[in-house]
Every structure is written in structure tokens, then in C-alpha cells.
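Have a look at the structure below, then the notes.
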Amino acid sequence: MSRGDFSRQSVRRQLSGEGLRPKKSLGQNFLTDETVLSDIVEAAALTPETCVLEIGPGMGVLTQALAKRAGQVVAVEIDQTILPVLEKNLQGFDHVSVMNQDILKVDLGELFRTHFGEKPVTVVANLPYYITTPIIMKLLEANVPITSIVVMIQREVAQRLSANAGSKDFGAVTLAVQYHAEVSPVRDVSPECFEPMPKVWSSVIRLVPRQKPPVDLLDEKHFFRLVKSAFAQRRKTFINSVSHELTPPVTKEQLKEILLTMNLNENVRGEALDIQQFAQISNILIGEK
Ligand code: SAM
């Protein structure tokens, strides 16, 4: 892949040149579509001052595009065998550094301090799909200065992360992500845009971490336990699921009374409750302790 050539043939040629094949176990589906690439870069709103963290650079298609616009790029790649290809494709980009590490094991606080100092960082990635949610949650919970996160993920997961209360896609992960960030869709991406082609459609989404949570909580840990318990048994009503799953335990009568004071039906399901209602229920339960 010379600079800018990321056709399907070029991806294949370069990998086989190193005796490599795409590793399914690492979620290696390399981007081959120029329009998708420029839409991702556009959504990241890069300037020559921007510091970028890229997760999973692979052969460097996206890394090159980011490096052309940003002031600094740090790319974390787990696959040691792909590094010769990556390094070849990044020749001449002196403001790019590659770290051969597992992003889930990286100390993000230390990485940010070492590479970016106090500067805010934009995260951009075509994520490995087998660990999409753990990576997004790690970024959101790390307490590091992230301006925005632009990621390509499975379309099904994107729908879950951006769902509204009442939709079938709304769940515990929706609430966890939306508690930390505002989520907006960028575009859908068909399997033909990758080599090899994944089985599912993908979507690019943008997450902007909130300065302040959208709800006031008396006990954040209790709120998340409540959310988890409400979705633990999806086909059950909120009362049945929570009364079986929540710690410390609550009775059905307690929950029924709370729902009634909130003008909610006692047979309501977890997916019908929005983040404010979950917060209110959690705060009432904490207040009753
Ligand atoms: N950015 C490239 C592109 O768009 O063509 C590759 C994207 S591919 C979907 C995902 C990349 O993430 C692969 O290069 C894979 O080796 C890497 N990867 C997988 N698991 C990882 C992990 N735990 N930490 C860092 N990189 C990982």
C-alpha cells in the first residue's frame, strides 16, 4: 500500500508479502473505502493542533488519513506481526507513534500523561468488534481528557448505544454509555467496504463525553446496580426483575409503591424507563435506607 492506496488488492498483496492473513480472532477487517475513511476523519473535526489516539491501526489506512490532518497521533495495536506493514505505511509521518499493546491492558492515565501531557485528545478507531463495548466503557470511565470519540462499530451495537427509552434496543449498556456521553450517528457502512468483508453492517458513531452527568445521583453504584438488575431478565417486568436481582434487596411492594408515586404502571418493563426515571427510583431507594 503506497500512501493513499488502500484497495482490496493492495491490502491482500501487502499482507501476503509479509506471509500474513487477516486475523479473525483480532477482528481484522481492513477498511478499503475512501468515502468512509473521509467521513470518519471529517467527523473527528481534526486540526493541526489535535492530538489523536487511534485504537487498532492495523495496516495504517486510517492512521495515514489522521496523520495528514492532526498534530500528533498515538496508535495502539495488539498484533505484533502486522507492525512491519504498519511501519512501512507510516514512513515519513514523524508525529505518529505506534505502541504494541492490548488497549484493554493499557493504563490510559499514564498513556495520556506520557504522550499528550495535559492536552485534550480525540479518539478515532475502526474498532475490533469482539471488544467494542469494553473499549468504549474503558475510554468513558478512564477520567482522561477526551474531547470526542469517533468509532466504527457493528451497526447493531451502534443502535443499542444510541437508542431511546421505549425502543427494543434500549438496555443497560445504552444507559451506561449515555450517562457518560452524548451519542450521535455519523453513517452506516456496508460489508463491501472492508477486506475481508464482515458478516454484518457497521456504523460510525460519535460520542462526546459529558462535562457533568445528565442526572443527579445519591449513589452512582446503586444506580448502575439498579439498571443492571432491571435488564437482567428482559422478558420480565421491571418489578419482577429488580426484586429478584438487586442488592441490597427490595420487595415488590416497595417497588410498586415507588412506581405508583411516579405515575408509572406496575407492569412497566425496564426498557420503557428513561435515565431520569432510573435515577429517581435509585434515589428514592437510597433515601429509604
Ligand atoms: N484501523 C484499521 C483499518 O481501519 O483498516 C484496522 C481496523 S480492524 C477492524 C481492528 C484492529 O484492531 C486490528 O488491526 C487488530 O489487530 C486491532 N486490535 C484487536 N484487538 C486489539 C486490542 N485489544 N488492542 C489493540 N488493538 C487491537
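One-based numbering, in listed order, for ligands and for the atoms of each.
Going from atom CG of L260 over to atom CG of L264 covers 9.0 Å, rounded to the nearest 0.5 Å. Between the CE atom of M59 and the CG atom of L83 there is a distance of 12.5 Å, given to the nearest 0.5 Å.
Within the listing of ligand 1, atoms 22 (C), 23 (N), 24 (N) sit less than 4.0 angstrom from a heavy atom of D102. Against a heavy-atom cut-off of under 4.0 Å, V76 is close to the following atoms of ligand 1: 25 (C), 26 (N). Under a 4.0 Å criterion applied to the non-hydrogen atoms of E54, ligand 1 contributes the atoms 1 (N). Of all atoms in ligand 1, numbered sequentially from 1 with element shown, those under 4.0 Å from a heavy atom of E77 are 13 (C), 14 (O), 15 (C), 16 (O), 17 (C), 26 (N). For ligand 1, the atoms sitting less than 4.0 Å from at least one non-hydrogen atom of Q101 are 24 (N), 25 (C), numbered in the order shown with element in parentheses. Ligand-side atoms of ligand 1 in range of F30: 5 (O), 6 (C), range being under 4.0 angstrom from any heavy atom. Using a 4.0 Å cut-off to heavy atoms of Q28, the atoms of ligand 1 that qualify are 13 (C), 15 (C), 16 (O). For ligand 1, the atoms lying closer than 4.0 Å to a non-hydrogen atom of L127 are 9 (C).
Nearest approach of A272 to Q277, heavy atoms of both residues: O-OE1, 3.9 Å. Heavy-atom minimum distance, V189 versus R187: CG2-NE, 3.8 Å.
Closest protein heavy atom to atom 24 (N) of ligand 1: I103 N, 3.0 Å. At the top of the distance list for atom 5 (O) of ligand 1, counting protein heavy atoms only, stands L31 N, 2.9 Å. The protein heavy atom nearest to atom 1 (N) of ligand 1 is G56 O, 2.8 Å. The protein non-hydrogen atom at the shortest distance from atom 2 (C) of ligand 1 is P57 O, 3.3 Å. Atom 4 (O) of ligand 1 has N126 ND2, 2.9 Å as its closest protein atom, hydrogens excluded (heavy atom only). Among all protein heavy atoms, the one lying closest to atom 20 (N) of ligand 1 is Y130 OH, 2.9 Å. The shortest contact between atom 27 (C) of ligand 1 and any protein heavy atom is with I78 CG2, 3.4 Å. Nearest protein neighbour of atom 19 (C) of ligand 1, counting heavy atoms only, is L26 O, 3.2 Å.
Within a 6.0 Å radius of NZ in K24, other residues, nucleotides and ligands contribute 12 heavy atoms or fewer.
Salt-bridge check for E18 with R13: failed, with every basic side-chain N at 4.0 Å or more from each acidic carboxylate O.
Taking the side chain as every heavy atom from C-beta outward, D39 and V204 never approach each other to under 4.5 Å. In this structure, M262 and E257 have side chains that are not in contact, with every pair of non-hydrogen atoms separated by 4.5 Å or more.
Applying the salt bridge (charged side-chain N to carboxylate O under 4.0 Å, His left out) criterion to E42, with sequence neighbours excluded, gives R69. In this structure, the salt bridge (charged side-chain N to carboxylate O under 4.0 Å, His left out) partners of R160, at least two apart in sequence or on a different chain, are E156.
For atom 8 (S) of ligand 1, the nearest non-hydrogen atom from the set S25, G27, G58 belongs to G27.
Under the 30°/60° scheme for interplanar angles, the aromatic rings of F194 and Y129 are found to stand perpendicular.
Within the 4.0 Å heavy-atom cutoff, N29 counts among the residues contacting ligand 1.
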